[in-house]
Amino acid sequence: MKKQIEVSAPGKLMLFGEHAVVYGRPCIVTAVDQRVRVGIEQTESNFLELNAPDVGIERYRRNIKGLGVSENLSKGARFVEIAVKNFFQQLNVSSGIRIGTSSDFSSEFGFGSSSAVTVAVIKGLSEVFKKNLSKREIFDLSYQTVLEVQKVGSGFDIAAAVWGGTIYFVKGGKVIKPVKNIPSVVGYTGVKADTTSLVLMVSELYKKQKVLIGGIFEMIGKTVEQARRSLLVGDSRKLGELMNINQGLLDSLGVNTPELSNLIFAARGAGAYGAKLSGAGGGDCMIAFVSEDSRKNVEKAIKEAGGKVLRVKTGAEGIKIEK
Ligand code: MEV
């Protein structure tokens with residue numbers, strides 16, 4: 001039995017379709033070249049041992065018989081612990097295990113570090129215990145884990161972490177299709193957003209305004225379909241226009257912020273084809289679709305508007321075994 005393994009999985013950025021994807025509309029997501037790394041080692045003990053210094057977890061220890069039972073699981077450990085519990089239950093494994101995690105990026109950016117960690121842990125366990133899980137099985141077990149921890153979510157971030165590249169995605173992995181990538185500039189607002197509360201906020205608004213908000217979800221879905229076609233034919237101007245339309249629709253869901261707007265307008269003014277928030281909104285990042293000629297100007301404008309330019313490459317490789 002192989003006893004030690006290192007696995008990495010990429011973070012993600014949403015290109016089109018956030019929020020509406022939670023209600024069954026499609027989205028387009030891309031994996032970024034900022035990765036989460038997980039080392040897994042089988043041990044002779046009865047414990048899950050976890051070191052995740054990036055999220056303040058050091059020498060965390062849990063009896064494997066009590067995995068996931070406490071209500072007060074610390075946030076940084078929850079995804080790993082529930083992932084191990086689910087893997088052990090579903091694949092009939094019981095063993096001591098030592099896990100260490102680290103990340104190329106700050107969990108503040110909204111790149112989906114929790115989902116990437118979950119995917120990397122499931123893949124690592126599959127290797128250590130020679131279970132040979134397929135990508136689809138890794139997706140399903142990871143999605144189950146993430147739903148158990150945070151209750152809401154479409155699973156788009158998990159798909160990006162597993163398959164990588166740029167993906168057209170429908171909730172729960174009903175459709176997962178690779179599409180072309182787009183060159184982009186990413187700006188961070190400096191404001192950390194909480195995805196779960198934003199998803200709940202939109203669901204409250206939907207309850208109050210079924211027809212209007214339902215209509216906006218429908219329009220976002222149509223924007224994503226058009227974006228998919230524009231990607232196929234390489235129509236950059238139209239894609240930029242669709243990004244701007246998507247941003248307007250997100251604004252009407254109430255998830256835009258002044259900080260995001262500043263960076264978005266700065267990017268558009270500096271020659272981006274289009275720009276929008278990326279993810280749940282409420283802060284985190286915006287993304288601008290740029291030509292190579294406009295890239296420098298757009299980066300400069302985002303900085304001048306108070307944003308931090310995150311140098312990430314999109315369309316990055318999905319989950320992989322490092323050693
Ligand atoms: C958050 O990054 C994107 C949302 O659509 C939530 C989800 O799809 O899980 C708001």
Side-chain angles (χ1 to χ4, degrees), residues 10-18 26-35 104-106 109-112 160 164-169 177-191 220 222-251 256-279 281 283-318:
K12 56 73 194 162
L13 277 168
M14 186 70 105
L15 297 182
F16 289 94
E18 46 274 89
C27 73
I28 297 175
V29 56
T30 189
V32 294
D33 66 344
Q34 300 282 301
R35 306 182 75 83
D104 294 348
F105 59 89
S106 158
F109 295 160
F111 281 178
T166 303
I167 297 171
Y168 172 93
F169 174 87
K177 289 255 162 23
V179 294
K180 269 197 212 142
N181 189 25
I182 56 170
S184 52
V185 172
V186 179
Y188 177 56
T189 56
V191 180
I220 292 178
K222 288 195 168 131
T223 310
V224 174
E225 293 301 353
Q226 286 205 28
R228 185 190 191 183
R229 283 196 289 277
S230 300
L231 275 172
L232 205 63
V233 297
D235 188 341
S236 304
R237 301 228 163 264
K238 178 142 186 227
L239 261 175
E241 191 175 284
L242 291 166
M243 255 190 171
N244 295 343
I245 292 171
N246 196 163
Q247 169 63 14
L249 294 166
L250 285 164
D251 201 353
N256 192 22
T257 66
E259 291 84 0
L260 281 164
S261 271
N262 277 344
L263 306 191
I264 288 165
F265 281 111
R268 289 179 192 164
Y273 289 119
K276 62 181 274 293
L277 67 85
S278 172
D284 286 350
C285 289
M286 50 71 68
I287 186 160
F289 169 34
V290 297
S291 63
E292 283 317 315
D293 289 346
S294 66
R295 176 181 291 280
K296 284 234 148 51
N297 278 346
V298 172
E299 288 181 352
K300 187 161 165 270
I302 289 175
K303 276 189 224 149
E304 282 169 5
K308 180 180 162 120
V309 172
L310 303 180
R311 292 189 191 278
V312 295
K313 284 215 171 67
T314 51
E317 193 179 349

Might you point out which heavy atoms bring [X] and [Y] nearest each other, and give the distance in Å?
X    : Y    : value
T166 : K180 : CG2-O, 3.7 Å
M243 : L15  : CE-O, 4.3 Å
L277 : I264 : N-CD1, 3.5 Å
A270 : A301 : CB-CB, 3.6 Å
M14  : G279 : CB-N, 3.8 Å
A267 : A288 : CB-CB, 3.8 Å

Pairwise distance [atom1]([X]) to [atom2]([Y]) - rounded to 0.5 angstrom:
X    : Y    : atom1 : atom2 : answer
K276 : R268 : NZ    : CZ    : 10.5 Å
S278 : E18  : OG    : CD    : 6.0 Å
L260 : Y188 : CG    : OH    : 10.5 Å
D284 : F111 : CG    : CZ    : 9.0 Å
S236 : L231 : OG    : CG    : 9.0 Å
F16  : Q226 : CZ    : CD    : 10.0 Å

If we only count heavy atoms from C-beta on, is the [X] to [Y] side-chain gap below 4.5 Å?
X    : Y    : result
D235 : R237 : yes
Y273 : V290 : no
P183 : F289 : yes
Y168 : V224 : yes
M286 : T189 : no
E317 : P10  : no
T223 : L249 : yes

Main-chain N/O of [Y] paired to [X] side chain as donor or acceptor, under 3.5 Å:
X    : Y    : value
D33  : K313 : yes
D104 : R35  : yes
K12  : G110 : yes
R311 : V186 : no
R228 : I28  : no
N256 : L250 : no

Next on the checklist: The criterion is side-chain contact (heavy atoms from CB on, under 4.5 Å); which residues satisfy it with S184, sequence neighbours excluded?
Outcome noted: I287, T314

Next on the checklist: Could you check whether E292 pairs with R295 (Lys NZ or Arg NE/NH1/NH2 to Asp/Glu carboxylate O, under 4.0 Å)?
Outcome noted: yes

